[in-house]
Protein chains: 2
Amino acid sequence: MKKTLAIIGLGLIGGSLAIALKGFEDYEIVGVDVSQPTLRYASEHGVGDRVTERAADVLPQADVVVLALHPQGILDFLTEHRDRFKPGALVWDVCGIKTAILEGAAALPDTVDFVGCHPMAGTEFSGVEHAFGEMFRDSHFLMVPRETSRPEHLALLERMAAWIGCKDVYRTTPEAHDALIAYTSQVMHIIAVAVCDDPTLFDCKGYEGSSFRGCTRVAALDVGLWTQLFSLNQPALLEVLDRLIGNLQSYREVLASGDREALAKKLAFSAARKRQMDLPGPDLLA
Amino acid sequence: MKKTLAIIGLGLIGGSLAIALKGFEDYEIVGVDVSQPTLRYASEHGVGDRVTERAADVLPQADVVVLALHPQGILDFLTEHRDRFKPGALVWDVCGIKTAILEGAAALPDTVDFVGCHPMAGTEFSGVEHAFGEMFRDSHFLMVPRETSRPEHLALLERMAAWIGCKDVYRTTPEAHDALIAYTSQVMHIIAVAVCDDPTLFDCKGYEGSSFRGCTRVAALDVGLWTQLFSLNQPALLEVLDRLIGNLQSYREVLASGDREALAKKLAFSAARKRQMDLPGPDLLA
């Protein structure tokens, strides 16, 4: 008999996982959502093997549970359903912060093996109708195990990550994850929205190139989700944001000074860091 | 007999133009460069129809001259060769600032029709070996005519822009161009280098997603070129940079306040601007 892998929340990420995980080993992929239009769309488009709105019915049978909700939704779900998980189940989430989530998971019974995860993929769209199975191709899969995490579950997660196309799996701690993500992801979103606040935004159509599109692409974000992600990681994000503003001001000063030699030296320093950082990455033009 | 179109400077942009313009109407594309390795590479890889190191020999025969040098190189070339251009020739440049270039072009004889141009395409690489003919596909072509510009030359430029794949041609003034470019391009490059100055840059490998790659891609810039571009557009760039720092600080404040509702409102405002700005653009995932 097939094992059950339940995905709670068929939004952009959950829906994409439900597509990408189809056919993985001997698991039946069951999509769970509270929205009837989402369930209908998922059912009609093969998002998962089957769908249901009844999490309470699926959880006792589910060997693996993926929580693909907004951060607060994950915390609420863990509280509401803490006693419904199948003993021995692996439960993992996909959200972009880990400290708050792992604190919430601490309330689970010992029989549930919770591992914080973060597949670093996504688009600026949301909803199951934008889900696609190739989303995770060549992306990083971050994994935050707990001390009690079972090795066979970590191995299972690695196989799932490979199946959906992730290029590597990194293990880390909640604190290290959240500090780095504040830099590599959250502040990129703050930059994108801050750039779009410029009063000349609407004048610049026809004058934008790939650097503008690349930098601002993520500004059209899911407001509810990112309000939670930013707020739940506030201290780390403020630190990174202050460092960024300081670095921008430092560029402002050298530019204002009119000292071309100093400007060139500063640019050479930064450009060399970027080149060094990317080597030997394949992502330069991605 | 074929007409002559000379491209001065076979770097990334000039080389790409020399490839992309091959076959355009009845023009022979002549690539001009002072570097022997560049000329050899161009000759061996079909960059242009033929190449030469002798600008002084080509200019008197050239019906169209494209200046694809760094800004200071363009200004120096115009001074050195002002009396060598063929009477009635169309001369255009491709560089990312226009006020300083058009000031330099004012010294040309009346017989030369100079039009400032800016095809908004490029990569973070430089040199003829990174040139490719598809570079201009779907990009904007900005055109800054002078009062005396001949309509048939503007029409010729529009045909060239279409031939190399640009999706549209916008006409503007030097001042408007430089103010908008400070925002859409120059400050994107300042952001990219400032982000790479963060001390945690090298720790973040494996933790970066598409937003980080999109924002920092252009940080590996051509230092000499960008030092000139920034310096020659200093006042406009400082204005945009100050506005950006102000917008980032405004996000910092609302985040530090812990007021989630205010943060959500601010994010909703910015995200809606981005969505409105992109409509009905095809570039969302570019």
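Quick note on labels: first sequence line is chain A, next is B, and so on, each numbered from 1.
Looking only at heavy-atom pairs under 4.5 Å with chain A, the residue among B/Ser211, B/Ala219, B/Gly122 that has the most is B/Ser211. Each of B/Leu244, B/Leu221, B/Val218, B/Val240 has some count of heavy-atom pairs under 4.5 Å with chain A, and the biggest count is that of B/Leu221. Considering only heavy-atom pairs separated by less than 4.5 Å from chain A, the leading option among B/Thr172, B/Thr227, B/Val169 is B/Thr227. When each of B/Cys215, B/Ala272, B/Ala220 is scored by its heavy-atom pairs under 4.5 Å with chain A, the top score falls to B/Ala220. Contact count against chain A (heavy-atom pairs under 4.5 Å) is highest for B/Ala256 among B/Gly246, B/Ala179, B/Ala256. With chain A as partner, the option from B/Ser231, B/Gly206, B/Gly209 having the largest number of non-hydrogen pairs under 4.5 angstrom is B/Gly206.
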Walk me through whether B/Trp163 and B/Phe141 qualify under ring-ring contact (aromatic ring centres under 6.0 Å, His included). CA-CA 12 Å; B/Trp163 177 265; B/Phe141 190 96; over 10 Å; no
Would you sort out whether B/His118 and B/Val94 count as a side chain to side chain contact (heavy atoms under 4.5 Å, CB included), showing the intermediate values? CA-CA 5 Å; B/His118 183 188; B/Val94 300; over 6 Å; no
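Between the CZ atom of B/Phe132 and the OG1 atom of B/Thr123 there is a distance of 6.0 Å, given to the nearest 0.5 Å. Taken to the nearest 0.5 Å, the CD atom of A/Glu208 stands 3.5 Å off from the NE2 atom of B/His140. Expressed to the nearest 0.5 Å, how far CG of A/Leu267 lies from CZ of B/Phe230 amounts to 6.0 Å.
In this structure, the portions of A/Pro199 lying under 4.5 Å from any heavy atom of chain B include both its backbone and its side chain. Interface residue A/Thr200: backbone and side-chain heavy atoms are both found under 4.5 Å from chain B. Contacts of A/Ala121 with chain B are absent, with no heavy-atom separation under 4.5 Å from either backbone or side chain. No part of B/Glu261 comes within reach of chain A, as not one of its non-hydrogen atoms sits under 4.5 angstrom from that chain. In this structure, no portion of A/Lys265 lies under 4.5 Å from any heavy atom of chain B. Only the side chain of A/Leu142 comes within contact range of chain B, judged by heavy atoms closer than 4.5 Å. Using a 4.5 Å cut-off between heavy atoms, B/Asp197 touches chain A through backbone and side chain atoms alike. For A/Leu255, the parts lying under 4.5 angstrom from a heavy atom of chain B are both the backbone and the side chain. Looking at A/Asp203, both its backbone and its side chain come within 4.5 Å of chain B, counting heavy atoms on both sides.
Put simply, the side chain of A/Asp222 never gets that close to the backbone of A/Phe125: no donor and acceptor are under 3.5 Å apart.
With no hydrogens or angles considered, a side-chain donor-acceptor pair links B/Ser210 and A/Arg217 at under 3.5 Å.
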Let me have the donor-acceptor pairs involving side chains of residues 181-195 of chain B, under 3.5 Å, with sequence neighbours excluded, atom names and distances please.
from, atom 1, to, atom 2, distance (Å)
B/Tyr183, OH, A/Val195, O, 2.7
B/Thr184, OG1, A/Tyr207, O, 2.8
B/Thr184, OG1, B/Leu180, O, 3.2
B/Gln186, OE1, B/Asn233, ND2, 3.1
B/Gln186, NE2, B/Leu229, O, 3.1
B/His189, ND1, B/Ser185, O, 2.7

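Evaluation of the ring-ring contact (aromatic ring centres under 6.0 Å, His included) test over residues 249-273 of chain B, restricted to residues two or more places apart or in two chains, returns none.
Salt-bridge formation is detected for the pair A/Lys98/A/Asp93: a Lys NZ or Arg NE/NH1/NH2 atom is positioned less than 4.0 Å from an Asp or Glu carboxylate oxygen.
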